[in-house]
*Asks:* 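This structure is in structure tokens; I'll ask about it shortly.
All heavy atoms count here, side chains included; hydrogens, waters and symmetry mates do not. Along the sequence shown, the residues carry numbers beginning at 1.
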Amino acid sequence: RRVLFRSIMRIFLILIIQVLISFLFSNLLNTKWIFKELICNYVFVVFWCSYIICILGIGIVKKITRNRDKRNLI
């Protein structure tokens with residue numbers, strides 16, 4: 001339960017930071033900031049897809065190494 005809660009909080013934290021940085025950049029570049037454009041932006045989509053793939057990959061590797069360690073102890 002804690003791990004799930006931490007993961008969800010981490011995702012929300014990254015999302016909030018990403019929105020704030022895009023808002024800051026839009027103000028620095030004197031462009032209009034639209035939330036819809038942020039979500040539809042390819043960088044946003046690629047970032048979140050790669051983040052999810054990395055998290056899943058790390059989880060799978062951890063599970064495999066734990067199973068190996070348990071087998072070696074028996």
Side-chain angles (χ1 to χ4, degrees):
R1 292 181 193 180
R2 269 190 177 170
V3 174
L4 180 63
F5 180 73
R6 275 193 228 149
S7 298
I8 291 171
M9 292 306 294
R10 184 183 306 151
I11 288 171
F12 280 125
L13 178 66
I14 292 171
L15 180 62
I16 290 169
I17 290 170
Q18 192 171 17
V19 168
L20 290 174
I21 288 173
S22 68
F23 182 74
L24 179 69
F25 278 134
S26 69
N27 284 334
L28 289 174
L29 299 174
N30 292 327
T31 58
K32 189 175 180 181
W33 187 83
I34 300 171
F35 187 71
K36 182 182 174 185
E37 288 181 8
L38 170 70
I39 293 176
C40 295
N41 191 354
Y42 288 119
V43 175
F44 184 83
V45 174
V46 167
F47 171 79
W48 282 104
C49 289
S50 62
Y51 179 79
I52 290 170
I53 290 170
C54 288
I55 292 299
L56 289 174
I58 290 169
I60 290 170
V61 169
K62 282 184 179 180
K63 193 165 203 152
I64 289 172
T65 55
R66 284 183 196 152
N67 287 340
R68 279 190 189 163
D69 291 341
K70 286 180 183 177
R71 287 184 199 154
N72 289 340
L73 292 175
I74 297 175

*Asks:* Please list all pairs passing the side-chain hydrogen bond (donor to acceptor under 3.5 Å, both in side chains) test where one or both residues lie in residues 50-62, with sequence neighbours left out.
*Replies:* none

*Asks:* Do you know which two heavy atoms are closest between W48 and I11, and how far apart they sit?
*Replies:*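 W48 and I11 have their closest heavy atoms at CH2-O, 3.3 Å.
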
*Asks:* In Å, rounded to the nearest 0.5 Å, how long is the span from CE of M9 to CD1 of I16?
*Replies:* 7.5 Å

*Asks:* Kindly compute the distance separating CG (L56) from CD1 (I52), expressed to the nearest 0.5 Å.
*Replies:* 7.5 Å

*Asks:* With sequence neighbours excluded, what pairs up with I8 under the side-chain contact (heavy atoms from CB on, under 4.5 Å) test?
*Replies:* L4, F12

